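Taking it in order: structure first as structure tokens, then the write-up.
The structure displayed is predicted, hence computed values, not measured ones. Every chain is numbered from 1, with letters handed out A, B, ... down the list of sequences.
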There are 2 protein chains.
Amino acid sequence: MSNPDPSADSSNFALVRLRALLDDSSFEGEQRLPAERVLAAQIGIGRRALRRALEVLEAEGRIWRHQGKGTFAGPRPAHTPANLEELSKRTHPLEVMDVRLEIEPALARLAAMRATNGDIERLLRLAEKTASSSDADGRELWDSALHRTIAEAAGNSLLLAIFDMVDRIRQDTAWRLLRERARSGERQQAYVEQHRRVIAAIAQREAHAAEHAMREHLDHVREGLLKVMTSPLPARMDGQIPEKPVTADTKKEIRHGT
Amino acid sequence: MSNPDPSADSSNFALVRLRALLDDSSFEGEQRLPAERVLAAQIGIGRRALRRALEVLEAEGRIWRHQGKGTFAGPRPAHTPANLEELSKRTHPLEVMDVRLEIEPALARLAAMRATNGDIERLLRLAEKTASSSDADGRELWDSALHRTIAEAAGNSLLLAIFDMVDRIRQDTAWRLLRERARSGERQQAYVEQHRRVIAAIAQREAHAAEHAMREHLDHVREGLLKVMTSPLPARMDGQIPEKPVTADTKKEIRHGT
DNA sequence: TCCCGAACCAATTTGCAAGTGGTTCGATGA
DNA sequence: TCATCGAACCACTTGCAAATTGGTTCGGGA
């Protein structure tokens with residue numbers, strides 16, 4: 001009987017050689033392997049056959065590769081994003097919402113305890129602006145400024161940096177549409193009232209009340225988000241249907257690497 | 001009577017010209033101004049006089065400058081660090097501890113709800129290792145791995161990224177010494193017991209208990225940190241005195257930029 | 001005493017070259 | 001007919017040197 005996959009012959013040879021190389025003590029740590037072109041010449045096979053073997057080893061987790069860097073022995077180092085784009089790809093709106101629900105109530109509580117009178121003045125002015133803003137973009141901006149001012153008033157630079165990180169992800173790309181749909185008219189009204197309550201609690205230095213009010217507000221926001229995501233086609237005035245079901249696509253694409 | 005500050009003559013001239021330039025619509029946004037050398041030649045004064053004028057404008061907040069970048073119209077953009085070194089410079093151990101107190105109890109709660117059985121197995125193994133580890137470095141590593149595994153088990157990639165960020169700051173530079181001193185023998189014993197409690201709660205899926213146990217644990221850690229920082233020279237078995245009062249120096253160096 | 005020009009320092013940006021894995025293509029040979 | 005190879009190209013990363021910028025110092029000159 002003939003070989004069912006003759007194409008793998010020289011690749012198999014390469015696999016044997018590569019496994020021997022990896023088992024060798026010289027590649028113990030996270031050592032870098034020679035470049036593909038060099039390695040192929042060393043073993044005496046073509047680059048294509050070598051790459052097939054490397055794919056197997058990578059799938060096994062014995063090596064990892066990165067374009068422009070090289071091929072390395074050992075498991076792929078834990079990928080901690082640290083830059084926004086990567087992080088933004090790997091998360092999704094519900095995760096972000098969960099994080100906000102953990103962080104921002106704490107920020108509100110701390111703000112109630114540590115805000116300066118100047119902070120509180122700024123908050124009150126912002127609340128007015130948010131309420132009186134008419135267009136969606138304007139609301140968006142004032143709302144963002146309001147939440148950030150609370151984060152500043154909390155007086156913890158590290159927490160502020162974390163808030164900024166989350167906020168930048170939130171403002172990224174495709175989510176704007178989602179958020180816009182999540183704030184219908186009456187919901188927007190409720191948001192304004194909830195903001196007022198949070199700010200009032202902070203202004204009166206009621207830490208617990210501030211935390212509670214903020215959590216309640218974000219619960220409402222989360223609920224709005226869920227509603228939009230689970231019923232993607234509510235009656236729309238303009239009758240337009242989004243070309244792509246944003247939520248589903250986004251989630252699938254994001255989920256691929258935990 | 002003579003001019004009390006004749007040195008400001010050409011600088012004043014430059015100020016007038018510059019204000020006119022800034023009021024001009026062409027520099028509305030965060031536009032970049034010409035280089036100092038060019039600008040000085042344009043206005044027809046020396047660079048030194050120009051720089052005096054620019055200092056005034058910068059103090060007024062109408063422009064901002066940065067070495068190697070240039071001079072820009074408008075207020076200085078909000079500085080959101082985003083990279084570890086900057087962040088690490090701008091925070092201090094107590095801030096980090098406060099953040100951990102906000103984040104990690106939430107992580108423990110989520111882990112209790114969402115951990116896989118595999119996660120729980122890993123946690124139990126790690127707890128053993130941590131308890132049996134003898135040297136300080138070993139404890140440090142196992143402890144870190146334990147907390148991170150809980151963060152992983154919480155199943156929120158964004159929260160995990162935040163945890164990693166905080167953890168990297170925590171492990172940075174000078175704080176290692178501080179932490180080492182904060183874990184005396186009996187405190188270490190208590191930590192092991194607290195870890196056991198957190199893990200047990202997670203394993204039994206008791207979300208609230210897990211959150212509570214983790215908060216209690218971190219409260220103890222915080223207390224240990226405070227004790228070390230407020231009484232920098234406890235009685236030491238070996239009689240050695242650290243060459244430098246680490247806490248004070250570190251705090252001062254870190255504090256310089258809020 | 002003040003101003004100017006020059007020079008130097010330090011931080012940043014920019015462009016380029018080299019090297020890497022990822023991919024496509026046509027020629028070759030079993 | 002098919003797998004293979006070599007070549008070429010693309011996309012990404014790294015490293016380095018040049019250029020540019022603000023920050024600073026110094027000496028000449030009015």
Side-chain angles (χ1 to χ4, degrees), chain A residues 2-15 17-18 21 30-59 62-74 76-77 79 81-83 85-86 89, chain B residues 2-15 17-18 21 27 30-59 62-74 76-77 79 81-83 85-86 89 257:
Chain A
S2 66
N3 192 331
D5 186 5
S7 78
D9 273 359
S10 56
S11 294
N12 270 333
F13 177 64
L15 255 182
R17 289 289 303 270
L18 286 175
L21 193 63
E30 296 186 2
Q31 191 88 28
R32 174 173 172 180
L33 271 62
E36 288 187 358
R37 293 159 175 84
V38 177
L39 205 50
Q42 278 184 6
I43 300 182
I45 57 173
R47 194 168 159 228
R48 183 155 181 167
L50 172 67
R51 282 182 57 73
R52 250 198 304 270
L54 288 176
E55 279 166 23
V56 174
L57 290 174
E58 186 176 30
R62 302 199 50 173
I63 63 168
W64 63 277
R65 304 180 284 176
H66 190 90
Q67 187 173 350
K69 278 185 169 178
T71 306
F72 300 83
R76 182 183 300 272
H79 180 38
N83 64 340
E85 301 81 30
E86 283 303 310
K89 278 181 199 156
Chain B
S2 66
N3 192 330
D5 186 5
S7 79
D9 273 359
S10 57
S11 294
N12 271 334
F13 177 65
L15 254 181
R17 292 286 305 269
L18 285 175
L21 193 65
F27 285 106
E30 296 186 3
Q31 192 86 28
R32 174 173 173 179
L33 272 62
E36 288 186 358
R37 292 162 176 82
V38 176
L39 205 51
Q42 278 184 8
I43 299 182
I45 58 172
R47 194 168 157 229
R48 184 156 180 166
L50 172 67
R51 281 181 59 72
R52 248 198 305 270
L54 289 176
E55 279 166 23
V56 175
L57 290 174
E58 186 175 29
R62 301 196 54 169
I63 62 167
W64 62 278
R65 305 181 282 177
H66 191 91
Q67 187 174 348
K69 277 184 167 177
T71 305
F72 300 83
R76 183 183 298 272
H79 180 38
N83 64 344
E85 300 82 31
E86 282 304 309
K89 279 182 201 158

>> Rounding to an integer number of Å, can you tell me how far Arg48(A) CZ sits from dA8(D) P?
In response: 18 Å

> Among the nucleotides dC12(D), dG23(D), dC26(D), which one has an atom lying closest to any side-chain atom of His66(A)?
Replying inline: dC12(D)

> Between dT24(D), dT20(C), dG21(C), which nucleotide has the shortest distance from any of its atoms to the side chain of Thr71(A)?
Replying inline: dG21(C)

> Touch check for Gly46(B), heavy atoms < 4.0 angstrom, all strands: base, sugar-phosphate only, or nothing?
Replying inline: sugar-phosphate

> CG of Leu39(A) versus P of dG22(C): gap in Å, rounded?
Replying inline: 13 Å

> Can you tell me how far P of dA7(D) sits from CD of Glu36(A), to the nearest Å?
Replying inline: 16 Å

>> Nearest to the side chain of Ile45(B), heavy atoms from C-beta on, is which of dC3(C), dG21(C), dC4(C)?
In response: dC4(C)

> Side chain of Lys69(B): nearest nucleotide among dT13(C), dG23(D), dG21(C)?
Replying inline: dT13(C)

> Taking all non-hydrogen atoms of both residues, which atom of Leu33(A) and which atom of Phe72(A) are closest, and how far apart?
Replying inline: CD1-C, 4.2 Å

>> In this structure, how many angstroms lie between the C1' atom of dT21(D) and the CG atom of Leu33(B), rounded?
In response: 13 Å

>> For Gly68(B) and Arg37(B), find the nucleotide of DNA chain C closest to each by heavy atoms; which residue's nucleotide sits nearer the 5' end?
In response: Arg37(B)

> Which heavy atom of Pro34(A) sits nearest a heavy atom of Leu39(A), and at what distance?
Replying inline: CG-CD1, 3.9 Å

> Hey, is the main chain of Glu36(B) close enough, under 3.5 Å, to the side chain of Arg51(B) for a donor-acceptor pair?
Replying inline: no

> Please give, in whole Å, the distance from dT24(D) C1' to Arg47(B) CZ?
Replying inline: 9 Å

> How many Å lie between CZ on Arg52(B) and P on dT24(D), as a whole number?
Replying inline: 14 Å

> Considering only side-chain heavy atoms of Gln67(B), which listed nucleotide, dC3(C), dT20(C), dG22(D), is closest?
Replying inline: dG22(D)

> With respect to the side chain of Ala35(A), which nucleotide from dG23(D), dC25(C), dT20(C) is positioned closest?
Replying inline: dT20(C)

> What's the CZ-C1' distance between Arg65(A) and dG19(C), to the nearest Å?
Replying inline: 17 Å

